[in-house]
2 protein chains.
Amino acid sequence: MESVAAAARGRKPDEVKSAARVLEVLELLGTEGARLSLAEMASAMAVPKSSLHAILRTMEARRWVDLDASGTRYSLGLKALLTGTAYLEGDDVASLAGPVLDALAEETGESVHLGRLDGTDVVYLAKRESRHALRMYSAVGRRLPAHATALGKAMLSQYDAAEVQRRLDWPLARLTPDTVTDPDELIRQLAEARLQGWAMDDGENSVDIRCVAVALGTGHGAGDAISCSAPKSRMDDARVREIAGAVTEAAHALGTLLKRLGQH
Amino acid sequence: MESVAAAARGRKPDEVKSAARVLEVLELLGTEGARLSLAEMASAMAVPKSSLHAILRTMEARRWVDLDASGTRYSLGLKALLTGTAYLEGDDVASLAGPVLDALAEETGESVHLGRLDGTDVVYLAKRESRHALRMYSAVGRRLPAHATALGKAMLSQYDAAEVQRRLDWPLARLTPDTVTDPDELIRQLAEARLQGWAMDDGENSVDIRCVAVALGTGHGAGDAISCSAPKSRMDDARVREIAGAVTEAAHALGTLLKRLGQH
DNA sequence: TTCAACCGTTCAGATAACCGAATGACGTTG
DNA sequence: CAACGTCATTCGGTTATCTGAACGGTTGAA
């Protein structure tokens, strides 16, 4: 009976409520980079204030959230720093990618990314910028819809049409006027990407940015890809083909490193 | 009655148990960079396996932890990447420090850090790596005991002896043969640091590494400091004084930026 | 000043999580 | 091949959290 009621509300029966809420708080404060009041968070999460109050007390005591001077707005705390670097250090792909990304950034002179597919999103694991080393860390952890990025399309092109249909959220979200939201057009682009070995994004998530990406071999990093992005002004079709070659080489090099590690 | 029992076990009465456990899991998987089994974590946290099981299910469903192929070892999940970057982006000091750290790294050619005091620990907020092949290992989000680092001593030197006594865990932990564990010696060094405006660490957390640090003004970033580190072979006493000057300038520059922001 | 609109906080009943022991599924060792 | 170690997992009674409404504090407007 109670499991039916829980399922009716969209909850799996064996999920710990307050545990899920802790994670939701972290995601809420994380995605927005925001400073929110208890009441704001309670309404955003559809949770009673009094319940959230006890949870935030716990999180504050352990320094996972901070309270501002006025004592009324929450933001992420210092402990939130720990997990990100630890994830990257424990990850083989991210650990080995460093030199490969450096080389690709050096060769192309443009921004270079390592991304991972997570559900319908692409998450940036690492980034090399042409100039601003300052911003390097800031994009790591960010998410974009897979269908609107070269990285995502490169990874999705490894699956057949039915699997893609199953994996994405329909209808597809539109981020720019050029975002591909038509299912048939997306499937066509994925087939093309599979044939040529690389995928492209032409202003589909950020106006005026073109991006080329290649997925790593499905062996170790099934859901990983490398990309290179630049403003359209520096990315005509000839340059795209040139960069696609460089990115393909880099992806192949990283794939080889990973295979070696797998056999160790 | 129950509050007495809870207090006797060292727990505050108004702490949500499973919320605290979620955070403990994240800290456990984060500090070690480890892959742990359910049983290992349960024993490390002194929590029943069955209770932890439900919590880990919840965390896994939301991709805060990953289960390896064998289905028996947990590690941090992709969501763990989000919080770290968000904390840094929402932080004025970390956001403004970028160019200042770049300049200091350029000027000295050595590793440069921005650190924040959190209880008895120093947490690294940002770093710039040395050009030299031989360089110290560190990472954003990592923690070291404040008394064993130049960053920590620079920040602690802003407090008087009684306050320092209150803030640190006694007896002081020893990380290397040169770690200062004598209370009187530490107080003496802090007084010296306060006089000269900068603090030093001479192989006290990593053998063979010397480090010089300066705290930011107490206005905005009360618990923040900047440091510069190098192997002893590149850090004789003359070089220490030279670098101390550069770090002091950088700290002053960042302090000015922050003050301007505060008045905005 | 007075009122209203927010904020965080408290409390006791309803409800859900927690716990220890028992279970099944592996992989390893004798 | 069997016995053992380790692992995750299940289950019902006990215990804790969760909840909604009411409270006291502060801010800004009338």
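Heavy-atom basis, side chains included; hydrogens, waters and symmetry copies ignored. Just so we're on the same page: letters track the sequence lines, and every chain starts at 1.
- Side-chain proximity of A:His53 to the nucleotides C:dC19, D:dT19, C:dT9 is greatest for C:dT9.
- At whole-Å resolution of the value, CG in A:Leu52 and P in C:dT9 are 11 Å apart.
- The A:Leu38 side chain lies nearest to C:dG8 when the options are C:dG8, C:dC19, D:dT9.
- Within the structure, every side-chain polar atom (N or O) of A:Lys17 is placed at least 4.0 Å from both OP1 and OP2 of C:dT15.
- Phosphate proximity of C:dC7 to A:Ser37: present, with a side-chain N or O under 4.0 Å from OP1 or OP2.
- Spacing between atom CZ of A:Arg35 and atom P of C:dC7 amounts to 18 Å, rounded to whole angstrom units.
- At whole-Å resolution of the value, CG in B:Leu56 and P in D:dT9 are 10 Å apart.
- Ion pair B:Arg142/A:Glu89 flagged as a salt bridge, since at least one NZ, NE, NH1 or NH2 atom sits closer than 4.0 Å to an Asp/Glu carboxylate oxygen.
- Not a single donor-acceptor pair under 3.5 Å links the side chain of A:Asp118 to the backbone N or O of A:Asp121.
- Comment: A:Arg57 does not engage B:Glu15 in a salt bridge, judged by the lack of any side-chain N to carboxylate O separation of less than 4.0 angstrom.
- If you measure from atom CZ of A:Arg73 to atom C1' of C:dC6, you get 11 Å, rounded to the nearest angstrom.
- Side-chain atoms of B:Lys49 lie closest to D:dT9 of the nucleotides D:dT9, C:dC18, C:dA17.
- With hydrogens and angles ignored, the 3.5 Å screen pairs a side-chain donor or acceptor of A:Glu40 with a backbone N or O of A:Ser37.
- In this structure, B:Thr72 does not reach the D:dC7 phosphate: none of its side-chain N or O atoms is under 4.0 Å from OP1 or OP2.
- In this structure, A:Met45 atom CE and D:dT19 atom C1' are separated by 15 Å, rounded to whole Å.
- When distances run from any side-chain atom of B:Ala39 to the nucleotides D:dT17, D:dT19, D:dA8, the shortest one goes to D:dA8.
- Listed candidates were C:dG8, D:dT9, C:dC18. Nearest to the side chain of B:Arg21 is C:dC18.
- Comparing C:dC19, D:dA8, D:dC18 by their nearest atom to the side chain of B:Pro48 picks out C:dC19.
- Per the geometry, CG belonging to B:Leu36 stands 14 Å off C1' belonging to D:dC7, to the nearest Å.
- B:Ser18 and A:Ser18 are linked by a side-chain donor-acceptor pair at a separation below 3.5 angstrom, with hydrogens and angles left out of the test.
- Taking atom CD of B:Glu15 as the reference point, atom P of C:dA17 lies 19 Å away to the nearest angstrom.
- Checking D:dC18, C:dC19, D:dT10 against every side-chain atom of B:Arg57, the shortest atom distance belongs to D:dT10.
- Between A:Glu40 and B:Ala19, the residue whose closest nucleotide on DNA chain C is further toward the 5' end is A:Glu40.
- Contact annotation for B:Ser50: base contact, defined as any heavy-atom pair under 4.0 Å involving a base atom.
- Rounded to a whole Å, the CD1 atom of B:Ile55 is 17 Å from the P atom of C:dA16.
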